[in-house]
Amino acid sequence: MKLTIEKVLDFNIMRNAKVRTGIDFINESYVHWISVIEMPVENFVRKNEVVLSTAIGCGQDIKLFEEFVKDIIESEATALVIALGKYVFDIPREVIELAESKNFIIIEIPWEVRFADVIENVMKEINSLHYKEREQSEKVQQELLKLILQDTNLNYIAKFVQNHTEAPIIITDQGGIIQGKSNSMKGLEQLWKDYLVKGLIPSKKHVSTLTHDPAFQKFEIINIKDYVLLQLPILQVSGNDQGYIFVVIPFGTSVESFLTPYRAHVLEHLATSIALWFSRKNAIEETKIRIRSDFVQDLAKGAILSQNQANSRAKLLGYNLNCPYICIVGKPENLKDKFQKWKPNYNSFEDWLENMIRYIEEEIFYAAQSLGKQLMVTCHGELLLIYLEVNYKYENNGTSNFLDLVDRRLCNLLPEIIISWGIGNYHEGIKGFEKSYQNAKAALNIGKRKKGAGHRTMYESTKIDRVLLNLGQDKGMLEIIMSTVEPLVQYDKARNAELITTFTTFNECHGNVSQTARELNLHRQSLRYRLRKIESVTGLSLTNPDDLFLLDLSIKTWKLGISE
């Protein structure tokens, strides 16, 4: 419900008015206020205001008249109504041309028409429309509160509001994750996560780009490719954002024409109502998440001693322990680097990290769901802690398929993110959860030491590494290992000679000089020089099987990260 210039011209008081410019726009030019202004204009005119004027002071000075009209146009007024007959008898051609070039409406009225009567008629209509809008928006508010008290889901509430705003509604949490929407918008939803990761949704500016009108100051404008959205915060009692409402502006409609006072009031009522919904939901969800996280961590720590106790707690949380699980731990390695590179619009790395972990957990959940697998997942410090249902006879194949799917999903959501994985063995009984977790952690650490970040390591494949680590725990063995490998380490550090890499490749090629030279892209003579240098630095012979074994054992153990 809006008052247009066309409706104003239908007033009886305006029966002798004449539209001089902008007649094609009178049915789409809206009136929010009306005032009387003479020179100078300065900042006394608001957007969508109708200006009444006698143009006193302009006289016959055309340039002065042009400046006066130009200032009104730049103030984004809706129209200029000029009373002719005393100070101005005819509007100059230059002023008419200026107004036409700006699609601005100028209306002439006879001198006899009293400005007070025009203002009275316009304000009476504006107040009448405002009253009807307030009355209707209050009814919407009452219906919204009923829906909230009835614990109605957000999709239904969003559809209800769309019927009153004539635009799709999206409701999100404070991180921008969609909690409810009025209808399916596949084109927009496909772009949503990408903009979330980059921190472009929600907008954190909190300085409205829309208008200086206080009624609309809470709204932000966000552009997502071809979509234009209005963002309105859902505030906690403390004043902090706990979620957002997004309104998808219909294509071909300007924000200014769409956001009427009525729609603004309805959306504010929605924000207030959803704040109550979020407060209740967050309290419940935070409790559930904490209880589930505590349960999964208690399984991993071996803090649950009884199978019956575990089954009782699992049943209350919706978990099924009557199937085999193995533990997988994952460590995102480079999130801080990506935060600095992507520079998402978040207050801090910690805020962004919290949302990223949530996205990763969500993708892990969907991967398990698509494979029809039971899953328990939480975050433990910097580690993702996962218990995945497997067929224990074929546990390796099951985990590989699962992690393949997780990596594919995360590649789309978080490109370039590196995650290291450790995969435990299956163990029976309630204590098996703790053993599998210890396996997975050991596999993760060994994999990172041997191969670096971004690899998967199965505990089953780390037998030799575990033997070497145990050897490294013996003080006497540690002295032998370090005295053997330390000369090579120091030489490589001083000369950048890569003797350790040379020996490792030489040993993997079973002492074949030609193959080793090809692998290292070295001339045979250069390789032979390095091999002789290894022998001279260590005092060991590469043709002596015992020396070769000792050097290989020492380097492999050293690579696992042992030190004095």
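Note that the structure is predicted; figures quoted are calculated from it, not measured.
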Considering only heavy atoms from C-beta outward, does the side chain of [X] approach that of [Y] to under 4.5 Å?
X	Y	result
I105	V50	no
F251	D226	yes
L229	V247	no
F68	L64	no
L405	R408	yes
I34	L52	yes
I201	I224	yes

- Message: More than 12 heavy atoms of other residues, nucleotides or ligands under 6.0 Å from NZ of K373: yes or no?
- Response: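 Check passes, neighbour count above 12.
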
Between [X] (side chain) and [Y] (backbone), is there a donor-acceptor pair under 3.5 Å?
X	Y	result
Q231	S203	yes
R292	I289	no
T21	I106	yes
R280	I148	yes
S137	V266	no
N334	E416	yes
S182	P168	no

- Message: D407: which residues meet the side chain to side chain contact (heavy atoms under 4.5 Å, CB included) condition with it, sequence neighbours left out?
- Response: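 In terms of side chain to side chain contact (heavy atoms under 4.5 Å, CB included), with neighbours along the sequence ignored, D407 is linked to W421, R456.
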
- Query: For T54 and E38, does a side-chain donor sit closer than 3.5 Å to a side-chain acceptor?
  - Reply: yes

- Query: Do Y87 and W111 have their ring centres less than 6.0 Å from each other?
  - Reply: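 Judged by ring-centre distance (under 6.0 Å), Y87 and W111 do meet the cut-off.
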
- Any side chain to side chain donor-acceptor pair (under 3.5 Å) pairs touching residues 67-78, not counting sequence neighbours?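 Side chain to side chain donor-acceptor pair (under 3.5 Å) check on residues 67-78 returns no pairs.
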
- Is K336 close enough and on-axis enough to F349, meaning under 6.0 Å and within 45°, for cation-pi? yes

